[in-house]
Amino acid sequence: MQVYNTLGKKKEEFTPLKEGEVGMYVCGPTVYDLSHLGHARTYIAFDMIVRYLRVRGYKVCYVVNITDIDDKIIARARELGEAPQALAKRFEAEFFADMDTLGMLRADHYPKVSGHMPEIIKIIERLLEKGCAYRAGGDVYFSVDLAVGYGRLSGQSAEEMLAGARVEVNPLKRNQLDFALWKGAKGGEPSWESPWGPGRPGWHVECSAMGVKYLGEQFDIHGGALDLIFPHHENEIQQSEGATGKGPFVRYWLHTGFLLVKGEKMSKSLGNFITIKDVLKGHDPEALRLFFLSVHYRSPIDFEYQNLQNAEKNLERLYNALNFVDRIEKSTDEIKGIKDILESHKNKFYSAMDDDFNTSKALSHVYELTGEIFKIGPKAKADDLLSLRDFLGEVGYIFGILQREPQIKGLEEALRALAISLGIELAAATDYRGAIEAVIAARETLRRGKEYAAADRIRQELMGMGVILEDSKDGPVWRLKRAPRGASSS
RNA sequence: GCCGGGGUAGUCUAGGGGCUAGGCAGCGGACUGCAGAUCCGCUUUACGUGAGUUCGAAUCUCACCCCCGGCUCCA
């Protein structure tokens, strides 16, 4: 399996530190506002990666941090006249609600800055002891000049960065690229006690402290969107390796590309952001997942409703294939070559996924296979069907799609009412399947008598209760409508 | 200024020295009481421009044009 490592800027064979186990840390949200589509893109990408690694047999420990202490939180809280911690808690809850709606696997840990002050302080102390950091005023700064290999992740030297940088001059810093490990408290801000007086941690140090705590001083994968490469991840490497004396802190750095809106970067500061909730008001979360995963995770993706609708259509086709496989009469007639077709597409799918999680290419093989599935016709060997189903199930798991459940709540009662209105007597033991069959049989009688208006009305009513009826060449076929989870769908 | 990613048929997205892309849209057929689903065919040997290397370039090299991003906070 190959992954693209930002550190080194090339694809590398993936070999975890401990065989069969993967430690993975992804930079989570700063909870000061609703999560937007950019967050969704990034977290869906890493969700897919975790799922795929697990399918590949790795035991993954997945950590996503929540930044709940931060300048922006304080600023927003001030604007709204709310306590910073209360605001952070509120948006944290919103974040989890969005992630659940998107069908995200829960991470194994969601560490928060506010819960890890001792660990953070300890790292800063170690950095001070080793001479990597210095105190100035009530602050503590990391000294970039003393660091080894600064700029190795972002691929730029310190001088170059400084040359074009738009950094505000801070007289307390020895080098303007130095960054705060600890910020002394200013009036009215939340603060914690420390050996350097009351204050709060700088932005980058939390990830070093929490990464080390949950995954060890060195671990396998660290992810985030590419805007975090500099300065956040660059600084994280320096802090972590400086404090532990071990390197590399992280073996593989994975970064997702940006989400663009009409060709421009979407960001909170530009104010052109679309929240996850906005989009999910009228669209299926699985379609959004498929939309994101139909582009490679490192490429920029331009969000357009038109393209999301496209994903919706693709999703429907996949569901149709799934329904088709379910519906096929299990026969012992062997369809020539189907086993080979499945194997070959399956292999192509996995080799695409093994190549830096190329979901786009992998999906193209799935679409090809769905075409083959439809061509199989109504008969296939039971074994072949099961393996087709299994494969679609694997695809569904990896992409987090095809998880819609048929709705059977209240169905039986509704069917009984319909049956009565049609003058059909149902035995007490008849379940919804039996009821559907009975109604359909009655409708067939009407159709044969060319009473199409009545027959169409029954089909309409069944549709209303979530039973889709289609008249095929081989007679009527029914299936249950699968309801998108989460918000209402279009 | 420095560092990246791109420009692929109407459109979106992969690929990346000879293997002719996947989806969607459109059009025309098949099936069909209607609806739905599906199939077949067409649009369709496409790769920003100019040069070079090569038996052969969309792919490699060079130059140029255009788009987007990073070097401040960001996912």
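Chain A is the first sequence line, chain B the second, and so forth, proteins listed ahead of strands; every chain is numbered from 1.
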What do the steps show when you test H204(A) against F179(A) for ring-ring contact (aromatic ring centres under 6.0 Å, His included), and what is the final call? CA-CA 9 Å; H204(A) 319 294; F179(A) 52 91; 5.3 Å; yes

Plane angle bin for Y43(A) and H39(A) - parallel if under 30°, tilted between 30 and 60°, otherwise perpendicular: parallel

Any salt bridge between E316(A) and K481(A), counting N to O under 4.0 Å? no

Regarding D68(A) and K89(A), does a basic nitrogen lie under 4.0 Å from an acidic carboxylate oxygen? no

Is R389(A) salt-bridged to D326(A), cutoff N-O under 4.0 Å? yes

Need one value for R41(A): base, sugar-phosphate or nothing, where a base atom within 4.0 Å counts as base even if backbone is also close, heavy atoms only. nothing

Is it possible for you to check whether R298(A) lies under 6.0 Å from the centre of the six-membered ring of Y4(A), through NZ or CZ, and within 45° of that ring's axis? yes

Check every strand shown and say whether K450(A) touches a base, only sugar-phosphate, or nothing at a heavy-atom separation below 4.0 Å. nothing

Test for a donor-acceptor pair under 3.5 Å between the base of C24(B) and the side chain of N307(A), counting only N and O atoms. no

Fill in the dot-bracket string of RNA chain B, one character per base: . for unpaired, | for a pair to another strand, ( ) or [ ] for pairs within the strand, taking Watson-Crick or G-U pairs under 3.5 Å. (((((((..((((....[..)))).(((((.......))))).....(((((..]....))))))))))))....

Side chain D456(A) and base G33(B) donor-acceptor under 3.5 Å: yes

Charged N to carboxylate O under 4.0 angstrom, R200(A) versus E189(A)? yes

Is the base of G33(B) touched by the side chain of R447(A) through a donor-acceptor pair closer than 3.5 angstrom? yes

What's Y452(A) touching, base or sugar-phosphate or nothing? Going by heavy atoms closer than 4.0 Å. base

What does N310(A) touch in the nucleic acid at a heavy-atom separation under 4.0 angstrom: a base, only the sugar-phosphate, or nothing? base

Within the structure shown, what part of the strands sits under 4.0 Å from L259(A) by heavy-atom distance: base, sugar-phosphate, or nothing? base

Per the under-4.0 Å heavy-atom filter, residues of residues 292-300 of chain A near RNA chain B come out as S294(A), V295(A), H296(A), S299(A)

D471(A) and R443(A) ion-paired at < 4.0 Å: yes

Once side-chain contact (heavy atoms from CB on, under 4.5 Å) is applied, do any residues pair with E470(A), and if so which ones, sequence neighbours excluded? R327(A), I468(A), R479(A)

With sequence neighbours left out, what residues match H365(A) under ring-ring contact (aromatic ring centres under 6.0 Å, His included)? none

Reading nucleotides 25-31 of chain B 5' to 3', which nucleotides get B (base under 4.0 Å from a protein heavy atom), which S (sugar-phosphate only), which -? S-----S

Assign F230(A) to base, sugar-phosphate, or nothing according to its heavy-atom contacts below 4.0 angstrom with the strands shown. sugar-phosphate

In terms of the nearest nucleotide of RNA chain B, which residue is placed more toward the 5' end: N320(A) or I301(A)? I301(A)

Any ion pair linking D71(A) and K183(A) (charged N to carboxylate O, less than 4.0 Å)? yes

S360(A) (side chain) and A14(B) (base): donor-acceptor pair under 3.5 Å: no

T67(A): side chain to side chain donor-acceptor pair (under 3.5 Å) partners, not counting sequence neighbours: N65(A), E206(A)

Given that H365(A) and G257(A) both sit by RNA chain B, which one's nearest nucleotide is further toward the 5' end? H365(A)

Base, sugar-phosphate or nothing for E470(A)? Non-hydrogen atoms, less than 4.0 Å. base

